[in-house]
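In what follows, a single structure is set out as structure tokens and then discussed.
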Amino acid sequence: QGGVAVLSPDRILAPVRSIGGFYAMALDTLVAMFTRPLAWREFFLQTWFVARVAIVPTLLLAIPFTVLVVFTLNVLLHEFGAADFSGTGAASASVTEIGPIVTVLVVAGTGATAMCADLGARTIRDELDALRVMGVDPVHRLVVPRVLAATLVAVSLVSLVTFVGLAGSFAFAVFVQHVTPGAFAAGLTLFTGLPDIVLGLVKGALFGLSAALIACYKGMSVRKGPQGVGNAVNETVVY
């Protein structure tokens with residue numbers, strides 16, 4: 001009344017409940033990972049599915065991302081007369097930043113959305129409630145295999161993105177910007193070593209884990225029928 005919007009306590013507390021529900025499901029998933037037996041068939045199916053839908057977009061996205069960084073870096077290096085160090089920047093960017101970022105973009109945009117849609121459809125059909133009635137934990141049966149699959153695929157894709165990114169950077173730097181091949185190769189390990197590679201893999205694993213957890217939570221908390229499934233898929237990508 002009078003043009004003043006009044007927020008109800010339920011609307012104010014809804015985000016808090018959502019955050020609490022997400023962390024509760026994440027904790028349940030962590031505990032269920034060490035509970036036998038693991039749904040191996042579901043794990044392998046989800047791993048193959050995520051890898052199949054993500055590998056081509058990941059490769060196509062890795063090349064322009066890396067080339068853009070190398071191009072910008074090499075322009076600056078040319079100004080300073082240090083173009084031979086282009087391999088150093090390419091290795092550092094590909095291993096620690098571009099690999100994990102490209103991987104999570106594709107995993108979240110392809111595999112995670114499919115997971116959310118699948119679990120959302122099961123939710124509105126009351127399949128998850130039916131599993132609970134039969135004494136089957138949906139988190140252990142459905143969420144854990146998907147989370148493990150997304151994490152494994154993300155780690156694998158980080159390595160692939162790094163390799164493709166370095167190859168694309170080498171081709172661009174040598175054939176387009178006329179950097180000496182030997183100097184490019186020598187600079188790869190100047191600042192980047194085994195700890196950086198491990199860090200990139202850990203980041204990729206955490207990103208894939210987060211994307212899968214968000215997708216599963218949004219899928220299992222769907223409301224309002226088919227429209228809610230579509231909204232949950234959109235929110236999964238954004239989050």
What I want to find out is whether D118 reaches R122 closely enough, with some N-O distance under 4.0 Å, to be called a salt bridge.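 Looking at R122 together with D118, the answer is yes, because their closest N to O distance falls below 4.0 Å.
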
Quick one: does any side-chain atom of [X] pair with a main-chain N or O of [Y] as donor and acceptor, under 3.5 Å?
| X | Y | result |
| --- | --- | --- |
| Y239 | A211 | no |
| K218 | V233 | no |
| H140 | P37 | yes |
| D196 | G193 | yes |

Just verifying a value: how many Å separate [X] [atom1] and [Y] [atom2], rounded to the nearest 0.5 Å?
| X | Y | atom1 | atom2 | answer |
| --- | --- | --- | --- | --- |
| E235 | S221 | CD | OG | 8.0 Å |
| I55 | T110 | CD1 | OG1 | 11.5 Å |
| W40 | L45 | CH2 | CG | 13.5 Å |
| T151 | L206 | OG1 | CG | 8.5 Å |
| E42 | L142 | CD | CG | 6.0 Å |
| L105 | L61 | CG | CG | 6.5 Å |

Please test V50 against M115 for side-chain contact (heavy atoms from CB on, under 4.5 Å), starting from the C-alpha separation and ending with a verdict. CA-CA 9 Å; V50 176; M115 293 178 188; 3.6 Å; yes

Are [Y] and [X] connected in a single hydrophobic cluster, I mean Ile/Leu/Val/Met/Phe/Trp/Tyr linked by side-chain heavy atoms less than 4.5 Å apart?
| X | Y | result |
| --- | --- | --- |
| V153 | V53 | yes |
| L209 | V155 | no |
| V106 | I214 | no |

Which pair of heavy atoms, one from P138 and one from L131, lies closest together, and at what distance?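 Result for this residue pair: CG-CB, 4.4 Å.
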
Could you tell me which residues satisfy ring pair (Phe, Tyr, Trp, His ring centres under 6.0 Å) with F207, sequence neighbours excluded, listed by chain and number? none

Can you confirm whether more than 12 heavy atoms, excluding those of E127, are under 6.0 Å from its CD atom? yes

